[in-house]
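Everything on this sheet refers to the single structure shown next.
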Amino acid sequence: MDHTEPAGAGDTLQDFGPVPAGWVWGTATAAHQIEGGNVGNDWWDWEHTPGSGTRESSGDACDSWHRWFEDLELVKAMGLDAYRFSLEWSRIEPAEGEFSIAALEHYRAILLAAHELGLRASVTLHHFTTPRWMAAQGGWSNPLVVERFQRFADIAAQHLGDQIDMAATLNEPNVVAHAGYIGGQFPPGRPHDWEGFRQASRHLLLGHLAAREALRAGPGDFPVGLTLALPDTVLHADGDLTSPGERVTDLSPDGPRGELGWLTAGQYLDAARDDDYVGVQTYFTEHVGPDGAELPLPSGERVTQMGWPFTPEALGASVRVAAEVARVPVIVTENGVAAAEDAERIEYYSRSLRSLRAAMDDGVDVRGFFAWSLLDNFEWALGFEPTFGLVEVDPVSFARTPKPSAAWLGGLARASRGAHV
């Protein structure tokens with residue numbers, strides 16, 4: 001059954017169609033990007049390091065450390081039924097082996113309030129930021145980090161697990177390793193350090209396995225997984241971007257992207273076979289040549305504020321790859337667009353959700369969709385300029401103003417709620 005508008009009816013999706021029982025419509029945030037004042041982690045140091053390339057400090061961000069209940073009310077008012085947020089490790093463990101009951105209680109209050117509002121709570125343990133004390137010991141390049149991260153996961157589970165509805169150990173560990181040790185845009189800022197990249201990738205994978213064990217030990221009984229940055233990748237063996245190309249689905253070390261494809265995607269998808277779900281986070285299609293390097297976009301190509309190609313249909317392709325390799329249910333834990341004009345945001349979501357619907361109609365087991373992001377927030381090295389949010393945030397007063405895309409997405413969620421396949 002076709003649940004989208006007929007060709008020529010416009011770009012705005014009006015009906016997503018029936019969803020599986022237990023499906024979640026949600027929106028997502030990350031602690032460092034919205035809380036403000038996270039001075040104890042490696043990103044705060046990175047923002048204040050001359051030459052790091054970061055445009056500005058996160059500062060007070062969206063002041064969500066204080067305004068978190070207002071944020072929950074926005075999600076509820078929007079018509080969504082789930083909120084994904086992250087725990088700031090450096091607040092919970094500000095010094096090695098020293099845990100803050102006040103910080104744990106802060107996050108517990110968010111969980112309790114979410115449930116009082118009828119929202120399901122999805123918690124991420126590590127969303128790009130590592131405590132300063134761990135970073136000083138080498139961060140994810142030090143094998144010690146695996147045990148330290150497991151200990152943090154255990155503390156979080158003991159204090160919060162009975163209120164968690166879904167958990168991710170790590171957000172985009174492939175980005176943490178690649179941007180930190182190959183690209184150099186993230187801390188520790190060591191570009192072209194392949195050995196550091198391999199070490200960090202290995203320890204992030206082991207950290208996921210260790211944290212998964214800690215979370216499953218209870219209390220609580222909730223699905224556990226990780227999330228991956230998973231662009232739709234098209235290989236052009238002739239190096240010509242205009243040629244049809246072939247979608248990359250083999251992410252083994254012997255695949256077309258070799259070791260890079262394995263370390264950034266394949267190893268995590270393989271590990272996810274023992275998870276309860278795999279979180280897919282897709283924003284664009286990338287085109288690569290025979291050497292695996294990304295091909296430059298042609299002049300005049302439509303791009304987002306991030307400089308990424310405007311290719312919403314990438315989502316439908318990536319969930320198919322994730323499901324095929326991981327062989328577990330897929331949850332779209334992030335999808336969205338940085339755009340100055342909200343009409344572009346609605347267009348992007350309409351097209352990406354159409355592609356997701358097509359994948360589901362072809363049998364891909366998808367269990368939910370989280371829009372990135374609830375708020376216009378701190379976009380890492382690019383500062384506050386890119387705007388992903390369904391809600392605008394005033395940089396001085398922190399006043400929240402929902403955009404038309406918020407009402408549109410909520411309407412889509414309401415329309416599909418109660419209609420099950």
So that I know where these two stand, are W25 and W23 an aromatic pair - ring centroids less than 6.0 Å apart? yes
In Å, rounded to the nearest 0.5 Å, how long is the span from CG of L205 to CG of L209? 5.0 Å
Closest heavy-atom pair and its distance - V175, F186: CG1-CE2, 3.7 Å
Is any side-chain heavy atom of P256 closer than 4.5 Å to one of D250? yes
Treating T387 as the side-chain partner and D376 as the backbone partner, does any N or O pair qualify as donor plus acceptor under 3.5 Å? no
Is the shortest side-chain N to carboxylate O distance from R320 to D362 below 4.0 Å? yes
T285 versus D232, side-chain donor and acceptor atoms under 3.5 Å: yes
S64 side, atom OG; I34 side, atom CD1 - distance, nearest 0.5 Å: 3.5 Å
I'd like to know whether CZ of R202 has more than 12 heavy-atom contacts from other residues, nucleotides or ligands below 6.0 angstrom. no
Under 3.5 Å, is there a donor-acceptor pair linking the side chains of Q163 and H115? yes
For Q137, enumerate each residue passing the side chain to side chain donor-acceptor pair (under 3.5 Å) test, keeping only those at least two apart in sequence or located in another chain. E96
Does the pair R400/E392 count as a salt bridge with the N-to-O cut at 4.0 Å? no
Are K76 and D81 close enough for a salt bridge, meaning some N to O gap below 4.0 Å? no
Just by distance, with hydrogens left out, do H203 and N142 show a side-chain donor and acceptor under 3.5 Å apart? no
Does a donor on one side chain and an acceptor on the other come within less than 3.5 Å for Q199 and S141? no
Side chain to side chain donor-acceptor pair (under 3.5 Å) with T129: which of Q33, E88, R91? E88
Does any non-hydrogen side-chain atom of V391 lie less than 4.5 Å from one of T401? no
From N41 CG over to M134 CE, what is the distance, rounded to the nearest 0.5 angstrom? 14.0 Å
Among W308, F284, F310, W372, whose ring-ring contact (aromatic ring centres under 6.0 Å, His included) with Y348 holds? F310
Do T233 and E286 pair up side chain to side chain, a donor and an acceptor below 3.5 Å, judged on atom types alone? yes
Aromatic ring pairing Y349/W408, orientation class (parallel under 30°, perpendicular over 60°, tilted between): parallel
If the plane angle is over 60° it's perpendicular, under 30° parallel, otherwise tilted; pick one for H106 and W65. parallel
So how far is it from S252 OG to W262 CH2, rounded to the nearest 0.5 Å? 8.0 Å
Would you please say whether a donor-acceptor pair under 3.5 Å links the side chains of D45 and T49? no
If every non-hydrogen atom of T124 is compared with every non-hydrogen atom of L170, which pair is closest and at what distance? CG2-C, 4.3 Å
Mark yes or no for whether T304, through its side chain, and M306, through its backbone, hold a donor-acceptor pair below 3.5 Å. yes
I'd like to know if the side chain of S355 and the backbone of G316 have a donor-acceptor N/O pair within less than 3.5 Å. yes
Any chance CD of E195 has more than 12 other-residue heavy atoms, nucleotides or ligands included, within less than 6.0 Å? yes
Inter-residue atom distance N335.CG - L356.CG, 0.5 Å rounding: 8.0 Å
One pair to check against salt bridge (Lys or Arg N to Asp or Glu O under 4.0 Å): R367 and D276. What are the steps and the verdict? CA-CA 11 Å; R367 304 287 180 89; D276 299 304; over 6 Å; no
Centre of F16's six-membered ring, under 6.0 Å away, within 45 degrees of the axis: is that where NZ or CZ of R357 sits? yes
Just by distance, with hydrogens left out, do H236 and S243 show a side-chain donor and acceptor under 3.5 Å apart? yes
Can you say whether the rings of H32 and F378 are parallel (under 30°), tilted (30 to 60°) or perpendicular (over 60°)? perpendicular
Quick one: does any side-chain atom of D154 pair with a main-chain N or O of A214 as donor and acceptor, under 3.5 Å? no
Which heavy atom of L204 sits nearest to which heavy atom of Y268, and what is that distance? CB-OH, 3.8 Å
Between E324 and R247, is the closest basic N to carboxylate O distance under 4.0 Å? no
Face-on cation placement of R190 at Y181 ring, 6.0 Å and 45° thresholds: no
Pairing of E93 and R148 as salt bridge, 4.0 angstrom limit: no
Please determine, by modelled atom types, if D240 and T242 share a side-chain donor-acceptor pair under 3.5 angstrom. yes
Taking CD in E213 as the centre, count heavy atoms belonging to other residues, nucleotides or ligands within less than 6.0 Å. Is the count above 12? no
Using distance alone, with no hydrogens and no angle criterion, decide if E385 and Q305 have a side-chain donor and acceptor under 3.5 Å apart. no
On the 0 to 90° scale, with breaks at 30° and 60°, tag the F197-W194 ring pair as parallel, tilted or perpendicular. perpendicular
Is there a side chain to side chain contact (heavy atoms under 4.5 Å, CB included) between V288 and L295 once you walk through the steps? CA-CA 5 Å; V288 299; L295 296 172; 5.6 Å; no
For D275 versus L226, what's the shortest heavy-atom pair and its separation? OD2-N, 4.0 Å
Nearest heavy-atom approach of S58 to E47 is N-OE1, 2.7 Å
D342 with R345: basic N within carboxylate O range, under 4.0 Å: yes
Are H208 and T169 close enough, and set up right, to give a side chain to side chain donor-acceptor pair (under 3.5 Å), and what steps lead you there? CA-CA 6 Å; H208 164 64; T169 56; 2.6 Å; yes
Is it the case that the side chain of S86 and the backbone of A30 share a donor-acceptor pair, with hydrogens and angles ignored and the cut-off at 3.5 Å? no
For the residue pair Y83 / T29, report whether a side-chain donor-acceptor contact shorter than 3.5 Å exists. yes
Holding to salt bridge (Lys or Arg N to Asp or Glu O under 4.0 Å), I want the full list of residues that pass it with D42, two or more places apart in sequence or in another chain. none
Nearest heavy-atom approach of G36 to A61 is N-CB, 3.5 Å
Regarding E73 and R67, does a basic nitrogen lie under 4.0 Å from an acidic carboxylate oxygen? no
Between the side chains of T333 and R84, does any donor sit under 3.5 Å from an acceptor? no
Is there a side-chain contact between L374 and V75, using heavy atoms and a 4.5 Å cut-off? yes
Assess the side chains of Q267 and D270: does a donor N or O sit below 3.5 Å from an acceptor N or O? no
So, F128 versus W380, ring centres under 6.0 angstrom or not? yes
Roughly how far, to the nearest 0.5 Å, is the CG atom of L215 from the CD1 atom of I164? 6.5 Å
W89 vs T130, side chain to side chain donor-acceptor pair (under 3.5 Å): CA-CA, chis, key distance, verdict: CA-CA 7 Å; W89 184 2; T130 299; over 6 Å; no
Those residues that, when tested against H127, pass side chain to side chain donor-acceptor pair (under 3.5 Å) (two or more places apart): N171
